Amino acid sequence: MAIAKFFALLVQSIIQCPQMVGDELDKATRERMEQRAEHLSREMTRLLQELEQRSLEQSIREQRTQEQSSMAWGALLFAALQHWQFWAIAGVLVMLFGLCWWLRKRSHEAGNSSDEESSNSDEESSNSDREQLEEEEQEEDDDDDDANDLGRFFEEHIQWPVQNLATDCQQAQDLVCNFILVFRELLVNSFFPVLQAEIAVGSAFEGWSHHEKDIVYRLFVPLKPPHGHAFHLELRTAGEMTARNFGVRVELVCTCMREQLPGEMLCFLHHSEEELRRNQDPSLLHTLCTNSYLDVQKTARWFHQLVKAAWVVLPQSSIYCLTVLPSSRSCKFQVTKHNTQNLVIEIIFGVQQGDSDIFLSSQATEAIFTPNTTWPETYAVAEAKFFSYIARQAPHDSFHLKCLQLCARILVGTGFSTYTFKTAMMHLLITIPLSCWRRRDFLLRLEDIMQYLHCCLKEKRLNHFFFGNQNVPEEILLPPAFRMAEPFNLFQHLAQYPATHAKALREFMELQKRLTRLVFYGH
């Protein structure tokens with residue numbers, strides 16, 4: 001505004017100022033011109049000062065604005081630096097996605113080029129080349145997925161336990177297999193239980209053990225009744241419990257109708273006690289039973305004795321050192337190789353229910369006291385068979401076991417068990433297509449597991465996988481009553497006790513925090 005006024009006065013002075021005409025002007029006119037010139041000079045001086053003042057004020061305001069802007073950017077920079085880890089991860093992700101786009105574009109260009117070249121060959125040759133090309137492109141796509149997916153980033157970022165499960169599992173199973181072969185030779189003419197082939201069970205053999213040390217390799221050894229005996233399974237407890245309990249009643253069976261050969265067994269029912277005592281070993285009722293029921297602790301002690309007696313003839317005895325560990329309801333021992341490699345092996349005994357994959361187990365229940373003649377129902381064999389089925393159907397880079405392993409690592413100190421997460425995982429594996437469990441879907445599937453479990457907690461219901469579940473794969477052999485049974489609620493205790501339910505919800509929030517830390521910080 002001041003600048004415009006200054007130039008207006010300047011133009012006005014030029015226009016209004018008369019031309020110099022020498023001395024011909026009168027004195028009055030000359031005085032008026034001088035006064036007018038002085039007035040214009042003073043006005044121009046004032047306007048110039050005002051202009052300078054306003055320019056100075058504008059400069060000060062601009063300087064303040066710049067300082068404020070600098071302070072604002074500094075504050076933003078300081079805040080960003082406080083979250084440097086977030087920006088670091090974001091930068092890595094942007095680089096990964098950029099690499100993904102570039103690799104995919106390059107892969108498609110290579111694929112198109114190969115298609116154009118193959119189209120020039122004859123028809124029979126082109127069909128063969130096209131099939132081979134499709135296979136190669138699929139392999140390249142898989143390799144590209146492996147190279148650029150987020151799952152690979154997190155797999156390398158997370159500190160996984162150092163394990164050698166495949167090798168150690170095979171060594172443990174070979175050792176127990178050799179034990180069983182020797183035991184069968186020792187017990188061929190006895191009336192002790194007939195030992196069946198071992199079955200690998202538990203997290204180590206399923207491939208998701210979260211331990212780095214002190215891994216226990218569990219193998220299940222089914223027991224069949226010896227000659228002249230029969231097992232009858234009697235249900236003792238049912239209802240809303242963690243496991244149903246059974247008794248294994250041992251009954252003598254008549255063998256008189258069989259064609260008797262020299263040296264064969266006598267009938268326990270129709271020969272005198274004196275004759276039996278003189279010519280035949282005692283029956284199972286007199287060795288491993290209590291009140292006609294198979295005794296778990298007597299069976300465990302008997303098996304421990306067999307292990308000690310047979311160890312010296314096994315080929316592994318020249319390599320390993322055997323140490324029998326205390327266990328009242330199973331046979332547990334440790335083998336050590338050159339004082340460096342330790343394998344802790346636990347042999348669990350069981351009795352099969354019909355021809356199914358459901359057994360009675362020698363393992364104790366969660367109850368404070370489990371009687372010696374009580375055999376809880378176990379689903380370990382069916383679960384191992386289920387994970388073996390999934391492994392055959394899933395993609396080669398399926399990440400479902402890694403997800404379960406991560407979930408198991410965050411449970412320490414909480415009321416949640418690994419079996420809870422294992423059950424949730426099995427439900428999701430038959431609900432979400434197995435093609436969606438690849439490594440690139442790692443974060444999505446972890447979120448699905450936590451959301452599924454959170455919903456179960458809010459509804460106070462988590463159904464047992466094998467009871468009343470019509471979606472169990474057909475190759476898992478279940479007793480007929482299982483598929484038609486009412487769903488068995490593993491969270492029944494949460495519905496009965498509100499305080500327990502509230503505590504479980506709080507602990508679940510802590511689990512979510514632990515899982516977030518584990519995924520983004522690696523430990």
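We're numbering straight along the sequence, starting at 1. Everything numeric in this text was worked out from a predicted model, so none of it was measured. Basis for what follows: all heavy atoms, side chains included, without hydrogens, waters or symmetry-related copies.
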Undergrad: Salt bridge (charged side-chain N to carboxylate O under 4.0 Å, His left out) for Arg514 and Glu510? Distances and angles first, verdict last.
TA: CA-CA 6 Å; Arg514 291 183 183 182; Glu510 175 62 24; 3.4 Å; yes

Undergrad: Does His493 use its side chain to pair, donor to acceptor, with the backbone of Thr500 at less than 3.5 Å?
TA: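 Such a contact is absent between His493 side chain and Thr500 backbone.
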
Undergrad: Using a 4.5 Å cut-off on heavy atoms from C-beta on, say whether the side chain of Leu233 contacts that of Val248.
TA: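 Counting from C-beta outward, Val248 and Leu233 do come under 4.5 Å.
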
Undergrad: Under the side chain to side chain donor-acceptor pair (under 3.5 Å) rule, what do Tyr293 and Glu234 come out as? Steps first, then yes or no, please.
TA: CA-CA 10 Å; Tyr293 288 92; Glu234 298 180 353; 2.6 Å; yes

Undergrad: Just verifying a value: how many Å separate Phe205 CZ and Asp168 CG, rounded to the nearest 0.5 Å?
TA: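 With rounding to 0.5 Å, CZ (Phe205) is 9.5 Å from CG (Asp168).
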
Undergrad: Please report the interatomic distance CG(Leu478) to CD(Gln353), rounded to the nearest 0.5 Å.
TA: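 The distance works out to 10.5 Å.
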
Undergrad: Counting N and O atoms only, with roles assigned by atom type, does the side chain of Asn489 sit under 3.5 Å from a partner on the main chain of Lys460, one being a donor and the other an acceptor?
TA: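 Present.
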
Undergrad: Quick check: does any side chain N or O of Asp441 sit under 3.5 Å from a backbone N or O of Leu444, one acting as donor and the other as acceptor?
TA: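 Not a single qualifying donor-acceptor pair exists.
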
Undergrad: Indicate the atoms forming the closest heavy-atom contact of Arg184 with Leu195, along with that distance.
TA: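 Scanning both residues, the minimum pair turns out to be NE-O, 3.1 Å.
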
Undergrad: Between His464 and Phe467, what is the ring plane arrangement, given parallel below 30°, perpendicular above 60°, and tilted in between?
TA: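 Because their plane-to-plane angle is over 60°, the rings of His464 and Phe467 count as perpendicular.
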
Undergrad: Applying side chain to side chain contact (heavy atoms under 4.5 Å, CB included), run through Trp311 and Lys308 and close with a yes or a no.
TA: CA-CA 5 Å; Trp311 173 248; Lys308 293 177 181 178; over 6 Å; no

Undergrad: Would you check if the side chain of Asp357 reaches a backbone N or O of Leu477 as a donor-acceptor pair within less than 3.5 Å?
TA: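 Between the backbone of Leu477 and the side chain of Asp357 there is a qualifying donor-acceptor contact (under 3.5 Å).
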
Undergrad: Once rounded to the nearest 0.5 Å, what's the spacing between atom CD1 of Ile345 and atom SG of Cys331?
TA: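 Going from CD1 on Ile345 over to SG on Cys331, the span is 9.5 Å.
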
Undergrad: Let me confirm one number: the OG1-CG distance from Thr431 to Asp448, rounded to the nearest 0.5 Å.
TA: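 These two atoms lie 10.0 Å from each other.
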
Undergrad: Is a side-chain donor or acceptor of Thr423 paired with a backbone partner of Tyr419 at a separation under 3.5 angstrom?
TA: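 Side chain of Thr423 to backbone of Tyr419, a donor-acceptor pair under 3.5 Å: yes, one is there.
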
Undergrad: Looking only at non-hydrogen atoms, find the nearest pair between Gln405 and Ser209 and report the distance.
TA: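 Residues Gln405 and Ser209, closest heavy atoms: NE2-O, 2.7 Å.
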
Undergrad: Measure from the side-chain N and O atoms of Trp375 to the backbone N and O of Leu294, and report whether any donor-acceptor pair falls under 3.5 Å.
TA: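 Flag set: sc Trp375 to bb Leu294 pair under 3.5 Å.
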
Undergrad: Does Arg445 reach the main-chain N or O of Phe399 with its side chain, forming a donor-acceptor pair under 3.5 Å?
TA: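 No.
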
Undergrad: Looking only at non-hydrogen atoms, find the nearest pair between Val221 and Glu198 and report the distance.
TA: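 Shortest heavy-atom separation between Val221 and Glu198 comes out as CG2-CB, 4.4 Å.
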
Undergrad: Take His501 and Phe491, measure what ring pair (Phe, Tyr, Trp, His ring centres under 6.0 Å) needs, and give me the verdict at the end.
TA: CA-CA 9 Å; His501 179 235; Phe491 281 173; 8.8 Å; no

Undergrad: Step by step, work out the side chain to side chain contact (heavy atoms under 4.5 Å, CB included) result for Ile390 and His400.
TA: CA-CA 9 Å; Ile390 293 296; His400 64 282; 3.6 Å; yes

Undergrad: Parallel, tilted or perpendicular: which describes the rings of His427 and Phe465, with under 30° parallel and over 60° perpendicular?
TA: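 Aromatic pair His427/Phe465 classed perpendicular.
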
Undergrad: Show the numbers, then the answer: is there a side chain to side chain contact (heavy atoms under 4.5 Å, CB included) between Cys177 and Ile180?
TA: CA-CA 5 Å; Cys177 179; Ile180 300 300; 5.8 Å; no

Undergrad: Would a distance-only check, ignoring hydrogens and angles, find a side-chain to backbone donor-acceptor pair under 3.5 Å from Arg438 to Pro395?
TA: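 Here the side-chain-to-backbone pair does not exist.
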
Undergrad: Side chain of Arg329, backbone of Ser362: donor and acceptor closer than 3.5 Å?
TA: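 At least one qualifying donor-acceptor pair exists.
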
Undergrad: Would you say that Thr299 contacts Trp302 through its side chain, given a criterion of any heavy-atom pair below 4.5 Å between the two side chains?
TA: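 Yes. Closest side-chain heavy atoms under 4.5 Å.
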
Undergrad: Tyr320 pairs by side chain to side chain donor-acceptor pair (under 3.5 Å) with which of Gln334, Gln171, Lys337?
TA: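 When side chain to side chain donor-acceptor pair (under 3.5 Å) is applied between Tyr320 and each of Gln334, Gln171, Lys337, only Gln171 qualifies.
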
Undergrad: Only one of Leu428, Leu434, Ile430 passes side chain to side chain contact (heavy atoms under 4.5 Å, CB included) with Ile432; say which it is.
TA: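 Among Leu428, Leu434, Ile430, the one that satisfies the side chain to side chain contact (heavy atoms under 4.5 Å, CB included) with Ile432 is Leu428.
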
Undergrad: Just by distance, no angles: are the side chains of Glu377 and Asn245 close enough, under 3.5 Å, to form a donor-acceptor pair?
TA: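 No, Asn245 and Glu377 have no side-chain donor paired with an acceptor closer than 3.5 Å.
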
Undergrad: At their closest point, which heavy atom of Val194 faces which heavy atom of Pro225, and how far apart are they?
TA: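 Scanning both residues completely, I find the closest heavy atoms to be CG2-O, 3.9 Å.
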
Undergrad: Are the side chain of His229 and the backbone N or O of His227 linked by a donor-acceptor pair below 3.5 Å?
TA: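 Indeed, once roles are kept as given, a pair shorter than 3.5 Å links the two residues.
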
Undergrad: Are the side chains of Ile358 and Val381 in touch, meaning some heavy atoms are under 4.5 Å apart?
TA: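 No; the side chains remain at least 4.5 Å from each other.
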
Undergrad: Working to the nearest 0.5 Å, report the span between CG of Leu453 and NZ of Lys458.
TA: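 Leu453 atom CG to Lys458 atom NZ measures 11.5 Å (nearest 0.5 Å).
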
Undergrad: Could you walk me through whether Phe303 and Phe183 pass ring pair (Phe, Tyr, Trp, His ring centres under 6.0 Å), step by step?
TA: CA-CA 9 Å; Phe303 206 90; Phe183 294 166; 5.2 Å; yes

Undergrad: Taking all heavy atoms of Lys298 and all of Cys289, pick out the closest pair and write down the distance.
TA: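 Here Lys298 and Cys289 meet closest at NZ-O, 2.9 Å.
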
Undergrad: Under a plain distance cut-off of 3.5 Å, with no hydrogens placed, do Arg236 and Thr373 share a side-chain donor-acceptor pair?
TA: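 Arg236 and Thr373 do have a side-chain donor-acceptor pair below 3.5 Å.
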
Undergrad: Let me see the working for Leu252 and Leu284 under side chain to side chain contact (heavy atoms under 4.5 Å, CB included), right down to the final yes or no.
TA: CA-CA 9 Å; Leu252 296 176; Leu284 182 59; over 6 Å; no

Undergrad: Mind checking whether Phe349 and Phe220 have ring centres under 6.0 Å apart?
TA: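 Centroid separation for Phe349 and Phe220: 6.0 Å or greater.
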
Undergrad: Is Glu475 paired with Lys385 through a side-chain N to carboxylate O contact shorter than 4.0 Å?
TA: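 Looking at Glu475 together with Lys385, the answer is no, because their closest N to O distance does not fall below 4.0 Å.
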
Undergrad: Can you tell if the side chain of Leu360 reaches within under 4.5 Å of the side chain of Pro376, non-hydrogen atoms only?
TA: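 No, their side chains stay 4.5 Å or more apart.
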
Undergrad: Report yes if some heavy atom in the side chain of Leu285 is under 4.5 Å from a heavy atom in the side chain of Ser292; otherwise report no.
TA: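 In short, these two side chains touch, coming nearer than 4.5 Å.
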
Undergrad: Rounded to the nearest 0.5 Å, how far does CZ of Phe359 lie from OG1 of Thr378?
TA: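 These two atoms lie 9.5 Å from each other.
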
Undergrad: Looking at Phe333 versus Phe179, is the centre-to-centre ring distance below 6.0 Å?
TA: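 Centroid separation for Phe333 and Phe179: below 6.0 Å.
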
Undergrad: Quick check on Tyr497: does its OH atom have over 12 non-hydrogen neighbours (other residues, nucleotides or ligands) under 6.0 Å away?
TA: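 Counting neighbours around OH of Tyr497, 12 or fewer heavy atoms of other residues, nucleotides or ligands fall under 6.0 Å, so no.
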
Undergrad: When you compare the side chain of Glu459 with that of His454, does any pair of heavy atoms fall below 4.5 Å?
TA: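 Not in contact.
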
Undergrad: If every non-hydrogen atom of Ala172 is compared with every non-hydrogen atom of Leu343, which pair is closest and at what distance?
TA: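 For Ala172 versus Leu343, the nearest heavy atoms are N-CD1, 4.4 Å.
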
Undergrad: Any idea how Phe421 and Phe416 line up, ring-wise: parallel (<30°), tilted (30 to 60°), or perpendicular (>60°)?
TA: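 Because their plane-to-plane angle is over 60°, the rings of Phe421 and Phe416 count as perpendicular.
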
Undergrad: Does any donor atom in the side chain of Ser330 or Glu346 lie under 3.5 Å from an acceptor atom in the other side chain?
TA: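 Yes, because at least one side-chain N or O of Ser330 sits under 3.5 Å from a partner of the opposite role on Glu346.
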
Undergrad: Are side-chain heavy atoms of Leu429 and Trp437 found at a separation under 4.5 Å?
TA: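 In contact.
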
Undergrad: Answer yes or no: is there a side-chain heavy-atom contact under 4.5 Å between Leu223 and Phe192?
TA: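 Counting from C-beta outward, Leu223 and Phe192 never come under 4.5 Å.
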
